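Only a predicted model underlies this, so the values are computations on that prediction, with no experimental measurement involved.
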Amino acid sequence: MTSSSRRGLPHLAAAVDLPGEYEFGAHVELIRLAERGGLDFVTLDDTSTGAGPGAGVGPGPGPGLDAVAVLSRAVADTRRVGLVPMVTGPYAGSADGEAAVAHLDRVSRGRAGRRIDVSGGEPSHLAALTGPSPQGHAVRVADAIDGPARLAAARYADVVLARVTSRAQARSVRDQLRADAAESGREPDSLRVLAALSIDLGDGEHAAEPGHGGGGPRRSARGPLYRGGPVDLADLIASWHRDGAVDGFHLIPVEPRRDLERLVNGTVALLQHRGLFRTFYPGGTLREHLGLARPVGQIAGGRT
């Protein structure tokens, strides 16, 4: 039995951002595609500013994209895929913001996650995250790999998105996060560490550029970037997970419609053919997709 088999299958998530697109339907189409591929969850950045009514996105705190409103609309068109609005700024910790995420979790029957801001260390609004939820509370997602942010993510997050550019760096970050989680009194296996990579699959089935693919992603202005074909990306996902460097990947398409389609119909299909990714959702909540236990209590911290 391989180490990948002992550790289970990799977790895969994707961003469904469409810059400049404010209509619900375009985003819902991508979310449905992600669900057809069996992805654990999708993320959607919130670009509302709080300055006035939204444009084509329903009620929200301001112009731009109201991620919670879009993902709430997607609930009726999907059944299993997790829905994670990446809300930032004052709205994220406001009573209205917390209520919106809680509502998304209820209407989706436990498929919601939410971003927690650990950039300053200890999150300031965790107490509001512990209200009634079909899955205990919405899955907490943090973006951090070092300093006080990493320590806070290890203590409070369920999923950490780590912007890493090599297998060795990924393994080091995961090992440190798990050690920090244990030090805070948490079970390290209650934390999922996903490598966050932008992906450019415009080369189709051609081999990845040097420094990409089998050599790992490159640094770029948009963060770690993989550029190559779906087959090489499947190999990268399988090898990093097999070696214990990550629990999975959060993938950010450079060209959303093109790259998500190639991810699902190319990379994911190949992983499924190899028995390295799920072909169906065994559960209904996002916690079940991620293999995370439902929190025993309602304590917003390391021990429950």
Side-chain angles (χ1 to χ4, degrees), residues 7-15 39-45 82-88 92-93 101 112-126 129 135-199 216-217 223-224 226 236-237 240-241 243-252 286-293 295 300-304:
R7 295 182 59 237
L9 302 177
H11 299 287
L12 295 180
L39 272 60
D40 291 66
F41 63 89
V42 298
T43 62
L44 182 61
D45 286 344
L83 307 167
V84 182
M86 302 295 275
V87 182
T88 60
V101 173
R114 54 93 37 74
R115 179 183 182 273
I116 60 171
D117 183 6
V118 295
S119 58
E122 293 290 301
S124 60
H125 56 280
L126 273 182
L129 297 180
Q135 56 180 340
H137 57 68
V139 169
R140 300 167 180 166
V141 180
D143 186 345
I145 63 171
D146 54 29
R150 188 200 71 219
L151 294 173
R155 184 177 182 189
Y156 295 109
D158 299 302
V159 177
V160 177
L161 309 181
R163 298 177 182 273
V164 292
T165 55
S166 71
R167 186 185 333 217
Q169 183 190 15
R171 183 184 295 108
S172 175
V173 167
R174 180 175 182 269
D175 288 347
Q176 188 60 62
L177 281 163
R178 287 171 59 84
D180 292 338
E183 180 67 22
S184 73
R186 291 185 64 185
E187 167 55 53
D189 286 338
S190 69
L191 181 66
R192 299 288 177 266
V193 181
L194 309 188
L197 304 180
S198 293
I199 56 169
Y226 165 91
L236 183 150
I237 290 170
W240 283 28
H241 181 261
D243 292 349
V246 295
D247 297 303
F249 288 80
H250 176 242
L251 302 169
I252 307 147
L286 180 51
R287 287 188 179 278
E288 289 173 320
H289 302 345
L290 293 164
L292 297 172
R303 295 184 186 276
T304 57

If every non-hydrogen atom of [X] is compared with every non-hydrogen atom of [Y], which pair is closest and at what distance?
{"X": "Ala181", "Y": "Pro188", "value": "CB-CA, 4.4 Å"}
{"X": "Pro85", "Y": "Gly113", "value": "CD-O, 3.2 Å"}
{"X": "Ser166", "Y": "Gln169", "value": "OG-N, 3.0 Å"}
{"X": "Arg114", "Y": "Ala138", "value": "CG-CB, 4.1 Å"}
{"X": "Gly244", "Y": "Arg174", "value": "O-NH1, 3.4 Å"}
{"X": "Gly136", "Y": "Pro295", "value": "CA-CD, 4.0 Å"}

* Applying the side chain to side chain donor-acceptor pair (under 3.5 Å) test to Asp40, which of Arg192, His11, His289 qualifies? ->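 That would be His11; it is the only one of Arg192, His11, His289 passing the side chain to side chain donor-acceptor pair (under 3.5 Å) with Asp40.
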* Asked: With sequence neighbours excluded, what pairs up with Ser190 under the side chain to side chain donor-acceptor pair (under 3.5 Å) test?
  ->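 Applying side chain to side chain donor-acceptor pair (under 3.5 Å) to Ser190 gives Arg186.
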Non-hydrogen side-chain atoms of [X] and [Y] separated by less than 4.5 Å:
{"X": "Tyr156", "Y": "Val118", "answer": "no"}
{"X": "Arg140", "Y": "Val159", "answer": "no"}
{"X": "Trp240", "Y": "Val164", "answer": "yes"}
{"X": "Val173", "Y": "Val160", "answer": "no"}
{"X": "Pro217", "Y": "Leu236", "answer": "yes"}
{"X": "Leu83", "Y": "Val42", "answer": "yes"}
{"X": "Val139", "Y": "Val141", "answer": "yes"}

* To do: Would you please say whether a donor-acceptor pair under 3.5 Å links the side chains of His137 and Arg287?
  =>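 On atom types as modelled, these side chains qualify, holding a pair under 3.5 Å.
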[atom2] on [Y] to [atom1] on [X], rounded to 0.5 Å:
{"X": "Asp158", "Y": "Leu290", "atom1": "CG", "atom2": "CG", "result": "8.0 Å"}
{"X": "Arg167", "Y": "Asp243", "atom1": "CZ", "atom2": "CG", "result": "4.5 Å"}
{"X": "Leu12", "Y": "Leu39", "atom1": "CG", "atom2": "CG", "result": "5.5 Å"}
{"X": "Leu194", "Y": "Phe249", "atom1": "CG", "atom2": "CZ", "result": "9.0 Å"}
{"X": "Met86", "Y": "Leu161", "atom1": "CE", "atom2": "CG", "result": "5.5 Å"}
{"X": "Leu191", "Y": "Asp247", "atom1": "CG", "atom2": "CG", "result": "7.5 Å"}

* Name all residues meeting the side chain to side chain contact (heavy atoms under 4.5 Å, CB included) criterion together with Asp189; count only those two or more places apart in sequence or in a different chain, and write none if there are none. =>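 So Asp189 forms a side chain to side chain contact (heavy atoms under 4.5 Å, CB included) with Arg178, Glu187.
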* Applying side chain to side chain contact (heavy atoms under 4.5 Å, CB included), name anything that partners Asp180, two or more places apart in sequence or on another chain. =>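 Side chain to side chain contact (heavy atoms under 4.5 Å, CB included) list for Asp180, sorted by chain: Arg150, Leu151, Ala154, Gln176.
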* Asked: Can you check side chain to side chain contact (heavy atoms under 4.5 Å, CB included) on Arg163 and Leu197, steps first, answer last?
  -> CA-CA 7 Å; Arg163 298 177 182 273; Leu197 304 180; over 6 Å; no
* Report the C-alpha separation of Asp143 and Asp117 in whole Å, then their side-chain angles, then the decisive distance to 0.1 Å, and conclude whether the side chain to side chain contact (heavy atoms under 4.5 Å, CB included) test is met. => CA-CA 8 Å; Asp143 186 345; Asp117 183 6; over 6 Å; no
* Just jot down the salt bridge (charged side-chain N to carboxylate O under 4.0 Å, His left out) partners of Arg171, sequence neighbours excluded, or say none. =>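 With sequence neighbours excluded, Arg171 shows a salt bridge (charged side-chain N to carboxylate O under 4.0 Å, His left out) to no residue whatsoever.
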* To do: Sequence neighbours left out, what passes ring pair (Phe, Tyr, Trp, His ring centres under 6.0 Å) with Phe41? Give chain and number order.
  =>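 Phe41: no ring pair (Phe, Tyr, Trp, His ring centres under 6.0 Å) contacts found.
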* Which residues pass the ring pair (Phe, Tyr, Trp, His ring centres under 6.0 Å) test with His250, sequence neighbours left out? ->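 None.
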